[in-house]
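All values below come from the heavy atoms of this structure, side chains included, with hydrogens, waters and symmetry mates left out. Numbered from 1 within each chain, the chains take letters A, B, ... in sequence-line order.
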Protein chains: 2
Amino acid sequence: MSAEHEDYLVLEKQLCFSLYSASHKLVRSYRLLLEPLDLTYPQYLAMLVLWQQPELNVKELGEKLYLDSGTLTPLLKRLESKGLVSRTRSVQDERVVQIRLTEQGKALKTQASHIPMAIFQQSGLPLEQLLQLKHSCDLLFKQLEAL
Amino acid sequence: MSAEHEDYLVLEKQLCFSLYSASHKLVRSYRLLLEPLDLTYPQYLAMLVLWQQPELNVKELGEKLYLDSGTLTPLLKRLESKGLVSRTRSVQDERVVQIRLTEQGKALKTQASHIPMAIFQQSGLPLEQLLQLKHSCDLLFKQLEAL
DNA sequence: CTCAATTGAATTGTGGGCAATATACTTCAA
DNA sequence: TTGAAGTATATTGCCCACAATTCAATTGAG
C-alpha cells in the first residue's frame, strides 16, 4: 500500500463520513420538531409526498423516496395505525396497494407548516450555501445512480 | 397556513431530503466495495478509526464516530466474531472496555487502501466540489451540534 | 470513610434500510 | 388458452441508530 493511498484512510478526511454524520445529525434535529406530530423523519417524508399527492401506490411512493417495499410496508402500516393514511388493494390490479391520506392526515399538514423554516433557522447557514449544498448532494446522487 | 410556508413542504425542494438520499446512496455504493472485506459501512468506519489508533475504548470510539454504546456494542461484537478486534475490560477501571485491533484486523487495511479512490472516481465530481461539499456538511453538523 | 452522584458499557425496545425470498396477480406470446 | 415471464407487495432476517434503563465501578463531598 502506498503512503499516498494510506492517507485517504483517515476518518476526518473523508467526505463520506461528513455526509453520513450530517445526515444523521439532521434526522436527530427533526426529532424534537416532529415529536408533537408523533412522526419519525422517514414518516414525515412519506407525509410530504402525500400532502402533494394524496393518493398513490406503494411503488410510486417508493420511487419518490428511493425506498423499497421492505422499508415502506411497515412504515405505512404504522401511519395507518395512527389514522393518517388508508391502505387498500386496487380492484383493477390486486397486486397494487393504494395509499390515501385520511382527513386526519390532511389536517396534520397545518401542524407541519413551520418545520422547514425552523430547520432552516437551526442550520444557521446562509440560504445560498444550503442551496449549493443541496445541488451538490443531488448531483452526487445522480452520479452514483448512473453506475 | 400561508401559501408561502406551504411551498416549503415539497419534498424536492428540501435540502434535508437531498442530504438524506445522498447519504443512503453513498452507503449503498460502499456495499459492493466492502463486500470482499466482509464489512458494512459503519463497521468500515470503526476500522478506519482503529487503523489510525489501534487501541481505544468504546467511549473514545463513540466520540469519534458520533455513535453511542447501543450502536457500538453489537457492532464491535460482530467485528470481534470476525476476528478483527478484541474486546477486554480494563484492569484499572473495570467499567471501560478496551478495543484492540488484531493482526488480522491490521492486515485488512491493505485490502481497503483502494476504496477511497474508488469512491472518489465513482462520484464523478471534481475534487474541489467534493471538498466544498464536505466543508458544508461539517459546518452544518457543527451548527446543529451547537443547539 | 461513606454514601450519593457520576460514569462506561450493556441491554431493551422501537423504527428504519435493504437484500433475498415468497406470493399473488397480470400479461403476452406461442 | 395456457404457461412462462414479469410485476407489486409482503415477509424474513440481518444490521444500524438511538432513547431509556440497568448495573457495576469509580469518584468526591462532607
* To do: For residues 111-124 of chain A, pull every pair meeting salt bridge (Lys or Arg N to Asp or Glu O under 4.0 Å), keeping only residues two or more places apart or in separate chains.
  => none
* Sequence-aligned protein contact record of nucleotides 21-28 of chain C, with B where the base is within under 4.0 Å of a protein heavy atom and S where only the sugar-phosphate is -> ---BBS--
* **Residue list, side chain to side chain donor-acceptor pair (under 3.5 Å) with B:Thr73, at least two apart or on another chain** => none
* Give one of base, sugar-phosphate or nothing for B:Lys25, where a contact means two heavy atoms less than 4.0 Å apart. => nothing
Would you please name every residue forming a side-chain contact (heavy atoms from CB on, under 4.5 Å) with [X], sequence neighbours left out?
X	value
B:Glu80	B:Val85, B:Arg87
B:Gln104	B:Leu84, B:Thr102
A:Glu94	none

Got a list of side-chain donor-acceptor pairs under 3.5 Å for residues 120-128 of chain B, not counting sequence neighbours?
from     : atom 1 : to       : atom 2 : distance (Å)
B:Ser123 : OG     : B:Phe120 : O      : 2.7
B:Ser123 : OG     : B:Leu125 : N      : 3.2

* Give a yes/no answer on whether the side chain of B:Arg28 brings an N or O atom under 4.0 Å of OP1 or OP2 in C:dC18. => yes
* With A:Glu35, which residues qualify under salt bridge (charged side-chain N to carboxylate O under 4.0 Å, His left out), at least two apart? -> none
* salt bridge (charged side-chain N to carboxylate O under 4.0 Å, His left out) with A:Lys77: which residues, sequence neighbours excluded? -> none
* Which ones in residues 29-42 of chain B lie close to DNA chain D, meaning a heavy atom under 4.0 Å from one of its atoms? -> B:Thr40, B:Pro42
* Asked: In residues 62-69 of chain B, which ones come under 4.0 Å of DNA chain D, going by heavy atoms?
  -> B:Tyr66, B:Leu67, B:Asp68
* Asked: Applying side-chain hydrogen bond (donor to acceptor under 3.5 Å, both in side chains), which residue pairs with at least one partner in residues 135-147 of chain B are found, sequence neighbours left out?
  -> A:Ser18-B:Asp138, A:Lys25-B:Glu145, A:Gln129-B:Ser136, B:Lys134-B:Asp138
* Lys/Arg-Asp/Glu bridge criterion (N-O < 4.0 Å) met for A:Glu63, A:Lys59 -> yes
